[in-house]
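Below is one structure, written out as structure tokens, with a few remarks after it.
Below, chain A is the first sequence line, B the second, and so on; all start at residue 1.
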Number of protein chains: 2
Amino acid sequence: MRVCKDGFQREFIEDKSDMYTIAFTQNILSGRWKYFILWYLKGHTRRYSDIKAFLGDLSQGSLSKQLRELEKDGVIERKVYPVVPPKVEYSLTEKGTKLMPILDAMETFGKAYGEQPDDTSLV
Amino acid sequence: MRVCKDGFQREFIEDKSDMYTIAFTQNILSGRWKYFILWYLKGHTRRYSDIKAFLGDLSQGSLSKQLRELEKDGVIERKVYPVVPPKVEYSLTEKGTKLMPILDAMETFGKAYGEQPDDTSLV
DNA sequence: GAACATAGTACATTTTTGTGTACTTAGGGA
DNA sequence: TCCCTAAGTACACAAAAATGTACTATGTTC
């Protein structure tokens with residue numbers, strides 16, 4: 001029971017705060033490619049061109065945008081080497097590695113219920 | 001090492017299949033409100049109007065759409081009582097409960113790194 | 001001195017999502 | 001008789017996300 005802005009007392013059946021922490025996490029992960037990028041970076045340092053090649057069917061603009069957002073949220077790190085042609089490496093930060101249990105849980109669910117995609121589509 | 005469609009052998013540094021299972025799960029969870037709906041259904045059977053009231057700031061059309069998608073994906077169950085005015089109850093299926101570890105992992109991350117929202121915003 | 005490579009940016013356009021408004025159903029109450 | 005309720009649907013519209021195309025930088029190689 002709690003006093004609200006309107007002066008009345010109300011019983012709060014749910015505490016929404018847990019939900020807000022989920023929303024916070026969701027914001028970081030929202031984006032068509034972010035799970036894939038994070039998954040690909042798991043345990044590796046990768047160059048921009050490798051990520052691009054791995055994901056394949058996305059434009060440079062999209063990739064750059066997703067990477068910038070992940071960097072802004074502090075889950076990946078960007079290391080620029082001052083060479084020509086440019087070389088930039090991406091890796092997970094410690095915060096980023098803390099997202100891995102989420103990916104693992106998604107993988108577990110997907111393995112239990114998902115269909116295997118056509119193998120040739122991977123080649 | 002594997003023979004590809006183009007006839008060449010290639011070394012596959014990554015096996016993408018795990019990533020596809022993540023994509024499968026992501027598809028089920030994509031949608032502005034789905035995490036919230038699932039979270040709210042955790043351990044409870046809820047009426048349409050309760051879900052609407054809980055989420056607050058979304059239209060009937062949006063809510064119906066999200067619920068239909070979750071039902072189609074088999075993660076929630078819809079039970080209609082033939083009364084007037086209508087009564088419809090939603091609950092998690094067993095498949096739906098298997099998504100909970102994902103929400104839990106997101107909550108853990110959010111608790112570690114998220115800021116608490118202004119408490120008054122919840123009232 | 002022209003072309004190549006990598007890692008981008010800028011901007012217009014398309015696609016995907018989400019929203020707002022109006023409408024429906026049928027029994028019970030004023 | 002008319003309005004109320006809960007749980008929707010239908011459709012046009014707006015906002016957000018993703019995409020495609022063109023462009024940039026600069027040291028090295030041909």
Side-chain angles (χ1 to χ4, degrees), chain A residues 13 19 22-41 44-73 75-92, chain B residues 13 19 22-41 44-73 75-92:
Chain A
I13 302 149
M19 207 185 66
I22 291 176
F24 170 82
T25 307
Q26 190 189 3
N27 277 342
I28 290 177
L29 291 171
S30 75
R32 174 100 176 65
W33 303 95
K34 286 190 185 160
Y35 289 98
F36 300 158
I37 294 169
L38 292 168
W39 185 84
Y40 187 58
L41 291 178
H44 301 270
T45 293
R46 311 280 198 179
R47 296 186 63 172
Y48 180 92
S49 52
D50 292 332
I51 300 172
K52 175 86 177 63
F54 175 69
L55 296 176
D57 208 14
L58 95 168
S59 64
Q60 288 178 310
S62 299
L63 180 54
S64 294
K65 188 154 164 283
Q66 308 266 309
L67 288 169
R68 279 198 307 276
E69 287 174 11
L70 289 168
E71 193 193 0
K72 178 179 62 59
D73 288 327
V75 296
I76 67 172
E77 190 175 5
R78 181 167 175 269
K79 188 171 178 191
V80 182
Y81 294 85
V83 295
V84 169
K87 176 178 176 180
V88 179
E89 285 180 347
Y90 292 91
S91 56
L92 294 177
Chain B
I13 302 148
M19 209 186 66
I22 291 176
F24 170 83
T25 308
Q26 190 189 4
N27 277 340
I28 291 177
L29 291 172
S30 74
R32 174 101 178 65
W33 303 95
K34 287 190 185 162
Y35 289 98
F36 300 159
I37 293 169
L38 293 169
W39 184 84
Y40 187 58
L41 290 179
H44 300 270
T45 293
R46 310 280 198 179
R47 294 187 63 174
Y48 180 92
S49 51
D50 293 332
I51 300 172
K52 175 87 178 61
F54 175 69
L55 296 176
D57 209 14
L58 95 167
S59 65
Q60 287 179 311
S62 299
L63 179 52
S64 294
K65 189 154 163 280
Q66 306 267 307
L67 288 170
R68 280 198 307 277
E69 287 174 12
L70 289 169
E71 193 193 359
K72 178 179 63 60
D73 288 327
V75 296
I76 67 172
E77 191 175 5
R78 182 169 175 267
K79 187 172 178 189
V80 182
Y81 295 84
V83 295
V84 169
K87 177 177 175 180
V88 180
E89 284 181 348
Y90 293 92
S91 56
L92 294 177

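Between the CD atom of B:Gln26 and the P atom of D:dA17 there is a distance of 14 Å, rounded to whole Å. Between the CG atom of B:Leu58 and the P atom of C:dT17 there is a distance of 17 Å, rounded to whole Å. The distance between atom CD of B:Glu69 and atom P of D:dT9, rounded to the nearest whole Å, is 12 Å. With rounding to whole Å, A:Leu55 atom CG is found 14 Å from C:dA7 atom P. Distance NZ (A:Lys34) to P (D:dA18): 8 Å, rounded to an integer number of Å. Taking atom NZ of A:Lys65 as the reference point, atom C1' of C:dT9 lies 14 Å away to the nearest angstrom. Put simply, CZ on A:Arg68 is 14 Å from C1' on D:dA17, counting in whole angstrom units.
Base contact: A:Ser64 has a heavy atom under 4.0 Å from a base atom. Heavy atoms of A:Glu89 sit nowhere under 4.0 angstrom from any nucleic acid atom. No contact: A:Lys52 has no heavy atom under 4.0 Å from any strand. The residue A:Tyr81 sits apart from the nucleic acid: no heavy atom pair falls under 4.0 Å. At a threshold of 4.0 angstrom between heavy atoms, the contacts of B:Ser49 are confined to the sugar-phosphate backbone, with no base atom among them.
You'll find that the side chain of A:Pro86 is closest to C:dT6, out of D:dA7, C:dT6, D:dA6. Nearest to the side-chain atoms of A:Arg47 among the listed nucleotides C:dA26, C:dT6, D:dG8 stands C:dT6.
A:Tyr40 pairs with exactly one of A:Tyr35, A:Phe54, A:Trp33 by the ring pair (Phe, Tyr, Trp, His ring centres under 6.0 Å) rule, that one being A:Phe54.
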